[in-house]
There are 2 protein chains.
Amino acid sequence: MGASKTHMFSVTQNELAQVAKVLAHPARIAILEYISRQENCICNDLVDVIGLSQPTISQHLNEIKKIGLLKGTFEGKNLCYCINEERWGELQNSFNTFFTNINYNCC
Amino acid sequence: MGASKTHMFSVTQNELAQVAKVLAHPARIAILEYISRQENCICNDLVDVIGLSQPTISQHLNEIKKIGLLKGTFEGKNLCYCINEERWGELQNSFNTFFTNINYNCC
DNA sequence: TATTATTATCGTAATATTGCAATATAATAT
DNA sequence: ATATTATATTGCAATATTACGATAATAATA
């Protein structure tokens with residue numbers, strides 16, 4: 001087929017995979033790193049810094065926003081994207097749990 | 001276009017994204033979880049447990065192997081895939097560093 | 001209210017991923 | 001040697017992702 005058979009897997013497995021998918025693009029890693037370094041985020045800055053077109057950046061931001069990692073507020077005339085600290089902590093936890101729960105009792 | 005412009009990003013950013021991409025499928029999450037629970041891994045078991053076809057499982061295993069997360073040895077007549085403990089720790093570290101280095105000094 | 005600047009959406013093309021049937025290969029057992 | 005079992009590879013179809021130009025929507029300001 002081509003579509004992932006998500007229904008065959010648990011909610012937890014699908015959620016972790018979904019978050020991983022958002023992190024599975026260097027542009028989105030770069031965007032998150034850049035936002036975290038700034039006091040404010042202005043999309044137009046991202047276009048210059050990342051080096052992709054404005055629509056592409058906008059789409060990447062949307063992917064990140066979909067999993068709740070960004071919250072946006074208005075400041076002056078520019079939309080300000082910020083890291084959602086609570087959600088960020090949740091995801092860090094999810095990944096850490098996944099990595100920690102793996103055993104090596106094989107072979 | 002359609003292809004990711006990986007050359008625009010740092011090695012670290014690309015590497016993290018590449019690992020995330022492997023984790024970005026619930027089947028591969030499930031496979032890793034299953035292998036970690038077993039003393040031995042036999043691919044044919046995975047086909048039953050995961051519920052995807054043998055070629056599909058084989059391909060997923062290959063993706064996981066590509067980033068060094070599995071090591072395979074022969075045991076009896078079956079190839080035994082195991083978690084590469086050292087590599088696993090490295091990746092856990094990479095993700096943890098990424099999550100920890102993010103600041104929330106915005107907005 | 002018009003202008004300007006910024007962000008979002010639409011449409012489309014190129015590439016990547018996912019999945020499986022068919023087939024090939026490798027290892028073991030008889 | 002041959003049959004059996006397990007895994008890998010090939011080929012192909014369906015779907016998803018990535019990217020950008022064109023355009024629309026939104027908001028501040030002149």
Side-chain angles (χ1 to χ4, degrees), chain A residues 1-9 13-14 17-31 34-35 38 40-67 70-82, chain B residues 1-9 13-14 17-31 34-35 38 40-67 70-82:
Chain A
M1 301 285 160
S4 295
K5 298 191 161 182
T6 54
H7 63 282
M8 306 182 99
F9 306 101
Q13 288 165 342
N14 276 304
Q18 203 187 338
V19 173
K21 191 176 279 188
V22 172
L23 300 181
H25 196 296
R28 291 192 288 263
I29 298 287
I31 287 172
Y34 180 76
I35 296 178
Q38 307 310 119
N40 302 310
C41 167
I42 295 150
C43 243
N44 198 247
D45 281 6
L46 280 174
V47 173
D48 297 338
V49 172
I50 307 293
L52 296 172
S53 75
Q54 181 271 320
T56 303
I57 295 290
S58 181
Q59 280 177 21
H60 280 308
L61 278 170
N62 203 251
E63 294 298 310
I64 298 172
K65 200 153 50 165
K66 266 191 215 162
I67 58 164
L70 295 180
K71 51 182 178 184
T73 55
F74 292 93
E75 183 177 311
K77 65 177 173 182
N78 300 317
L79 183 55
C80 172
Y81 283 101
C82 312
Chain B
M1 303 282 158
S4 296
K5 299 192 161 180
T6 54
H7 62 282
M8 305 182 100
F9 306 100
Q13 287 166 342
N14 275 304
Q18 203 187 339
V19 174
K21 192 177 279 189
V22 173
L23 300 181
H25 196 294
R28 293 192 287 265
I29 298 287
I31 287 172
Y34 181 76
I35 295 177
Q38 307 311 118
N40 302 311
C41 168
I42 296 151
C43 243
N44 197 246
D45 282 6
L46 280 174
V47 173
D48 298 336
V49 172
I50 306 293
L52 297 172
S53 76
Q54 181 270 319
T56 302
I57 295 291
S58 182
Q59 280 178 19
H60 280 308
L61 278 169
N62 203 251
E63 294 298 311
I64 298 172
K65 201 155 51 168
K66 267 191 214 161
I67 58 166
L70 296 180
K71 51 184 178 185
T73 54
F74 293 92
E75 181 178 311
K77 66 176 171 181
N78 301 318
L79 182 55
C80 172
Y81 284 100
C82 310

| Phosphate OP1/OP2 of C:dA8 contacted by A:Ser58 side-chain N/O (<4.0 Å) | yes
| note | Result for 5'-nearest mapping on DNA chain D, choosing between A:His25 and B:Asn62, is B:Asn62
Distance-only donor-acceptor pairs under 3.5 Å for side chains of residues 18-27 of chain A, two or more places apart:
unit_1: A:His25; atom_1: ND1; unit_2: A:Ala27; atom_2: N; d: 3.0
unit_1: A:His25; atom_1: NE2; unit_2: B:Ser4; atom_2: OG; d: 3.3

| Approximate separation, where rounding is to 0.5 Å, of B:Leu70 CG and B:Glu63 CD | 11.5 Å
| said: Whole angstroms only, please: what is the CD1-C1' distance between A:Ile57 and D:dT18? | reply: 12 Å
| Atom pair distance, as rounded to whole Å: CG in B:Asp48 and C1' in D:dA6 | 12 Å
| query | B:His60 side chain N/O closer than 4.0 Å to the phosphate oxygens (OP1, OP2) of C:dG19? | reply | yes
| note | A:Ile50 atom CD1 is separated from D:dC20 atom C1', nearest whole Å, by 16 Å
| said: Taking the minimum atom-to-atom distance to the side chain of B:Lys5, which one of C:dC20, D:dA19, C:dT9 wins? | reply: D:dA19
| task | Would you please confirm or rule out a distance under 4.0 Å between OP1 or OP2 of C:dC20 and any side-chain N or O of B:Thr56? | result | yes
| request: For B:Met8 and D:dT18, give me the distance from atom CE to atom P, rounded to whole Å. | output: 15 Å
| Quick one: A:Ile29 CD1 to D:dT18 P, roughly how many Å, whole number? | 12 Å
| query | Looking at residues at least two apart in the chain, or sitting in another chain, which of them share a side-chain hydrogen bond (donor to acceptor under 3.5 Å, both in side chains) with B:Gln13? | reply | A:Glu33, B:Ser10
| field | d(CG, A:Leu70; P, C:dA8) in whole Å | value | 11 Å
| Value in whole Å for how far the C1' atom of D:dT9 lies from CG of B:Leu61 | 14 Å
| request: Side chain of A:Ser53 only, please: which of D:dA16, D:dA19, D:dC20 is the nearest? | output: D:dC20
| How many angstroms lie between atom NE2 of A:His60 and atom CG of A:Leu52, to the nearest 0.5 angstrom? | 5.5 Å
| query | Per the atom types in the model, does the base of D:dA8 pair as donor or acceptor with the side chain of B:Gln54 at under 3.5 Å? | reply | yes
| Selection from C:dA21, C:dT18, D:dA19 that lies nearest to any side-chain heavy atom of B:Pro55 | C:dA21
| field | Nucleotide nearest B:Gln59 (side chain, heavy atoms from C-beta), chosen from C:dA8, D:dA19, D:dG11 | value | D:dG11
| said: Without decimals, in angstroms, what is the distance between B:Gln18 CD and C:dT17 C1'? | reply: 15 Å
| query | Roughly how far, to the nearest 0.5 Å, is the CD1 atom of A:Ile50 from the CG atom of A:Asp45? | reply | 10.5 Å
| remark: Taking C:dT17, D:dT17, C:dA8 as options, the one with an atom nearest any side-chain atom of A:Lys21 is D:dT17
| message | From C-beta outward on B:Leu52, which listed nucleotide comes closest to its side chain: C:dT9, C:dG19, D:dC20? | response | C:dG19
